[in-house]
Structures are given as C-alpha cells and as structure tokens.
Amino acid sequence: MREMAGLDEGAPLFAQVAERLAAEIADGGLAEGERVPSTNELAAFYRINPATAAKGINVLADEGLLEKRRGIGMFVAAGARATLLGRRRAEFTARYVRPLLTEAIRLGIDSDELIALIKEAGNEREVAPL
Amino acid sequence: MTPAIAVTGLTRRYPGHVALDDLRLTVGAGTITGLLGRNGAGKTTLLRILAGQEFPSSGSVRVFGSPPAENGSVLRRLVLVREDQEYPDSQGYPSFKASHALRAASFSYPNWDADLASSLLADFGLRAKQTVRSLSRGQRSALGITIGLAARADVTLFDEPYAGLDAVARRIFYDRLLEDFTLNPRTVLLSTHLIDEAAGLFDQVVMLDRGRVVLNAAADELRGMVTTVSGPALAVHAFTEGRPVWERRELGSQASAVMVGRVSGDNRERARSLGLDLAPLSLQQLMDHASAGPGAAGPLMMRNSA
C-alpha cells in the first residue's frame, strides 16, 4: 500500500511538505494572495500527522513566503514566487549542471560534445508538442 | 503539562518469563505514538496494564496522574481495542449483533459518538443488525476499530487492531483516525507490525525489545537518518569513513554499508561523483535493524531507556 501520497523515505515529512508547497508556489499553481491548504487538509491529503503538516507550513511562514490572516488561514505572501524562483536559479548548478558533468566525465563525453547534446535536446523539445 | 501516560520502573513477571523489564515511558497528551517491536517484545502486556486489565509486578503506572487499575475515573477515559477482541457471541449469545456491541460501548464511554459509529460501520461495509457471530475476522476488526474511534476516549489504545483487514479497509482506518484525531485531539497509542503504511501518522515511535524501551524518538526525525550506501567497495569505504555503520556487506569489488546520520546536499553530490547509490531506510527497515540484536543499531538506541 502506497502511503503518504508520494512522499518518500529520504527526508523528514515536514520538510517534504514544505518543499511541495514551495514548488507549487514557484510553478504558479498557488498564486500570491491565494489561500494555501490548511494543516488538516494537508494531513488528510498526505495521510500524515497534523503536527507534521503544521511544521511544514511553519517552515514557509518563517521564511516569509506565507502569511497568516487571523481566523482565515495561511496565504501566499507577495513576492514569494520571485523569492522561490531566485532560490531555484541559485540551486540550478548544484542540482543539474554538476551531476550532468559528473556523468558526462564518467562516460567520456567532452564539453564540446556535451554542449552539442544539449543543443540537440533543446531543438527536439522545440518541435515536440508540449 | 502533565503527560497522558507516565510509566517508571514497570516490571511484569510471569512464571519463567519477564514480559516487561524496568520499563520507563512518557507519552504526551494529544499525540499519536507508534508502539513497535517484535512479537513477545511486551507491547500487548504494556497496553493491557495501561488499560487496567492486568497488574504490574512492580513499578508505577500513571494515566492522567492516576493508576488505571480498578480506577473507574481513569478507565472511563480510556479504550483498548485488541487484536482478538472477544464479544459475548462466543459465550453463548448467538444473536448478539453489532448494534448490541455499539450500544454496550455507548454506556461505557462518556464521549461516545453514535453518528461517528454509524458512519464508520458504513465505511467498513458493516450493517448494525449483522450478528457478531456471522462476521469475518476482518469485519470483527472493523467493529473493534469502530468502537475504538467512536469512544472518543482521551486515551485510545489500539493493539494490532486490524487482523484480517485488507489494504483498503486499513486505509479507511488511517484516514478516519486522522480525521477524527484532528477534530477531537486525544492520546493515541497504536501497536503495529505494518510500520511503513502507518509511519506518517505518528508523532513519536517507541520500540520495545524484550520488555524494554530501546528506541523512543520523534518519528519524522528518523526519516532519512539511516542510509544504505552501495557501489564500488573502495568508494563505499571512503564515503562511510568515520561515520557509524550498522552493517557492511561486500561482494567482489562491490560493497554496501548501512550508515547512520543525515546525508547533506554536498555529500549527496560527492556520493554521486563517487558512483555511489544512496537509499534511505524506511522506518520498517530501521526497526528491523534495531531489533536484529544489541549492537546492531547502537548509535540510535537508548542506553537502558534511562
């Protein structure tokens, strides 16, 4: 039985809940000013303890990405999307470029060849229906 | 805040066997705790003593500050659902129906919620007029779970409550438990062998081994705490150097090591560049290692639960 709706074993659940919400904000799925799911809604969706869900929300609130409106709930703060996209950009090298280089070296692909492969993949993507 | 459950020096001896050995445990009010351990570790004995259904040989047991045994004011606030729940049908009342079991429970538990009981029965596909005798093993478990949840008892103890329940019914149990816990917070202890599917529910996990608490930790903090590192033997050695390792295996030039401690982003990248595979242990795997014997899971384990 797959529990916890796609969350994995690798990191604390609260951190994964925070990450999922952050990703949704960055991708525009949750717009600035929009209400984010409540602790209880998240707990039910992910099948996790409500305290764990609350901890995840608090991570984002502490970073100023969410703001509390008393008696109504948590909302995406103004500027949250730009902050998150900036953060992702900063992580891009570590998350994608360095692993790509590591694997390329292992396979004996030199930098010219690698650049050519990237361009080729880019062209394919442009013509492929999205 | 007074803990919901406080146990110190609890020992329960049977002839030729010590079920609980100087056990110490505190459970905070309004939390869900997973009670884990192999068969014979002492989970059932502990739950029965907490529910006042059995007496300690020695030691102190407090539920909301009072001993539960023969104490009506505590026992009214407490429900224990057992794996092998007995109903009067086995004692010569063949016409004893599910509705009778619910009615009896409604008298026992002051917070009883009859609407919740009906909706749970419906979720599990049971009818109130079915005789308990005609129920399958799984349906009996569903009836027990219905009573356990609808009792809305301040201390709710589930002892492997789902014998015979299939995956779908167990999921109903988890969902309804979470839903009702959210609306009516209470203290829940759930003993289970199905660790991974219930892992997300827990605030705390307590693992018993031979009558003692060998691990007591915030469930979410255990996640990603132990990792299997595998790949070229030299790289595995280099990567795990100076870190606690529970188990090493080698086959030719390949090796794997079960390593304790969170892996940082930098180390993750280092592993990748070394050609290593990192696989975090699930809570179930972690518990399996922890119960493999003393020393196997040293660094995370408690010293004598003191």
Side-chain angles (χ1 to χ4, degrees), chain A residues 1-20 22 37-59 73-74 87-109 114, chain B residues 28 30-34 165-171 173-183 185 188 194-205 218-228 262-263 265-266 268-275 278-286:
Chain A
M1 168 162 32
R2 187 70 209 116
E3 287 309 320
M4 298 171 295
L7 301 183
D8 64 41
E9 311 291 352
L13 295 173
F14 84 88
Q16 296 187 57
V17 168
E19 205 172 297
R20 294 287 184 93
S38 71
T39 296
N40 295 349
E41 287 165 345
L42 288 169
F45 178 75
Y46 289 118
R47 285 202 179 89
I48 58 173
N49 192 291
T52 308
K55 205 171 159 192
I57 288 184
N58 286 338
V59 168
M74 285 286 191
R87 205 182 281 176
R88 265 208 203 172
R89 209 167 235 286
E91 287 168 1
F92 184 77
T93 302
R95 276 180 76 169
Y96 300 99
V97 180
R98 281 202 211 113
L100 180 73
L101 286 171
T102 304
E103 183 67 8
I105 290 164
R106 200 178 290 152
L107 296 176
I109 297 173
L114 183 59
Chain B
T31 60
I32 304 179
T33 298
L165 280 189
D166 61 23
V168 175
R170 293 201 301 273
R171 195 173 297 174
F173 168 50
Y174 302 135
D175 285 350
R176 299 302 305 260
L177 168 64
L178 265 184
E179 179 186 308
D180 205 57
F181 172 81
T182 307
L183 297 170
V188 180
L194 304 171
I195 299 176
D196 282 342
E197 62 179 45
L201 306 178
F202 304 139
D203 290 280
Q204 198 78 10
V205 290
D220 212 21
E221 281 168 21
L222 291 176
R223 204 166 274 277
M225 187 57 100
V226 183
T227 304
T228 301
R262 237 168 250 302
V263 183
D266 284 353
R268 208 164 282 285
E269 209 199 305
R270 185 170 158 240
R272 215 180 283 127
S273 66
L274 287 167
L278 299 179
L281 257 63
S282 72
L283 192 58
Q284 174 87 59
Q285 293 169 318
L286 207 152

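Quick note on labels: first sequence line is chain A, next is B, and so on, each numbered from 1. The structure presented is a predicted model; accordingly, all values stated were derived computationally and were not measured.
- Chain B forms more heavy-atom pairs under 4.5 Å with one residue of A:P99, A:A15, A:A44 than with any other, namely A:P99.
- For the pair B:D220 (side chain) and A:F14 (backbone), a donor-acceptor distance under 3.5 Å is present.
- Contact of B:L183 with chain A is not made at all, since no heavy-atom distance falls under 4.5 Å.
- Listed here is the closest heavy atom pair of B:R272 and A:R106: O-NH2, 2.6 Å.
- Neither the backbone nor the side chain of B:L278 comes within less than 4.5 Å of any heavy atom in chain A.
- Taking every heavy atom of both residues into account, A:P50 and B:T182 meet most closely at CG-OG1, 3.8 Å.
- Closest of all the heavy-atom pairs between A:T102 and B:S273 is CG2-CA, 3.4 Å.
- In this structure, B:R262 and A:P12 have side chains that are in contact, with non-hydrogen atoms separated by less than 4.5 Å.
- Between B:G200 and A:L13, the closest heavy-atom pair is CA-CD1, 3.8 Å.
- The environment of CD in B:E221 is sparse: at most 12 heavy-atom neighbours from other residues, nucleotides or ligands sit within 6.0 Å.
- Within the model, atoms CD1 of A:I48 and CZ of B:F202 stand 13.5 Å from one another, a figure rounded to the nearest 0.5 Å.
- Contact annotation for B:E179: neither backbone nor side-chain heavy atoms come within less than 4.5 Å of a heavy atom of chain A.
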Notebook entry, point to check: How far apart are the C-alpha atoms of A:R47 and B:E197, what are their side-chain angles, what is the distance that settles it, and do they pass the side-chain contact (heavy atoms from CB on, under 4.5 Å) test?
Noted result: CA-CA 10 Å; A:R47 285 202 179 89; B:E197 62 179 45; over 6 Å; no
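- Looking at B:L201 and A:N49, their side chains never come closer than 4.5 Å, going by heavy atoms from C-beta outward.
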